[in-house]
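Okay, so here's the structure we're looking at.
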Amino acid sequence: ATGSTFQPALRKVTQQLPESFLREEFTRINVELQASATLEYCMSSFAKSNTSEEGAAFASAIIQTQKLGADVTDTLVRQAQLARANQEARIERMIARLQTMLFVPISAFMMPAFLVIFLAPAMSNIATMMG
């Protein structure tokens, strides 16, 4: 039957997850599946309660895979690759913003040091000429 291999895998993975929102949601899905809810209903509920794009995409992919009767393994591999790519893109955007955000504090702390380096010789020459 469609989804028959997904449900045991979901139970096993849920047990291995650390305490988190995801573990709570997967536990809820497992309970609902054991109470004869459909996988489509459970995944739709998961997508509604999840605010991340990856969570909604995961739920949608599982629903679509079940409807088509396709292998869940390929779907999960693609979803993992997509989630990794999205995470890497978010990190790269954060790094790009970090450079801009650090410019002001770095320049504020470096400016006095540069002034001392460049003005000290001149001040020394002026002091020598006056004294």
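The shown structure was predicted, so the numbers you read here are calculated from the model rather than taken from an experiment.
With hydrophobic clusters built from ILVMFWY side chains whose heavy atoms lie under 4.5 angstrom apart, Met111 does not share a cluster with Val116. If you chain together hydrophobic residues whose side chains sit under 4.5 Å apart, Leu76 and Leu17 fall into the same group. Hydrophobic clustering of Ile, Leu, Val, Met, Phe, Trp and Tyr side chains at less than 4.5 Å, counting indirect connections, unites Ile29 with Val72.
Residues Thr75 and Ala61 share a closest heavy-atom pair of CG2-CB, 3.5 Å. Across all their heavy atoms, Pro121 and Ile117 have their closest contact at CD-O, 3.3 Å. In plain terms, the two heavy atoms of Tyr41 and Glu32 that are nearest each other are CE2-OE1, 3.9 Å. Heavy-atom minimum distance, Ala59 versus Phe46: CB-CD2, 3.9 Å. Listed here is the closest heavy atom pair of Ala37 and Cys42: CB-SG, 3.9 Å.
Atom NZ of residue Lys12 and atom CG of residue Asn30 lie 14.0 Å apart, to the nearest 0.5 angstrom. To the nearest 0.5 angstrom, Leu22 atom CG is 7.5 Å from Thr14 atom OG1.
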Let's go through Ser45 and Arg28 carefully: what are the C-alpha distance in whole Å and the side-chain angles of both, what is the deciding distance for side chain to side chain contact (heavy atoms under 4.5 Å, CB included) to 0.1 Å, and is it a yes or a no? CA-CA 10 Å; Ser45 176; Arg28 183 187 54 77; 3.3 Å; yes

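Annotation: Phe21, atom CZ; neighbour count of heavy atoms from other residues, nucleotides and ligands within 6.0 Å is above 12.
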Would you mind writing out the side-chain donor-acceptor pairs for residues 88-106 within the sub-3.5 Å range, not counting sequence neighbours?
from  : atom 1 : to    : atom 2 : distance (Å)
Arg90 : NE     : Gln87 : OE1    : 3.4
Arg90 : NH1    : Glu54 : OE2    : 3.2
Arg90 : NH2    : Gln87 : OE1    : 2.7

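Arg23 has its side chain out of reach of Pro18: every pair of non-hydrogen atoms, C-beta onward, lies at least 4.5 Å apart. Two residues are said to be in side-chain contact when any heavy atoms from C-beta on lie closer than 4.5 Å; Phe58 and Met43 meet this criterion. Looking at heavy atoms from C-beta onward, Phe26 lies out of side-chain contact with Arg11 at the 4.5 angstrom threshold.
Residues passing the salt bridge (charged side-chain N to carboxylate O under 4.0 Å, His left out) test with Glu40, sequence neighbours excluded: Lys67.
Each of Thr65, Ile63, Leu33 was compared with Leu39 under the side chain to side chain contact (heavy atoms under 4.5 Å, CB included) criterion, and only Leu33 meets it.
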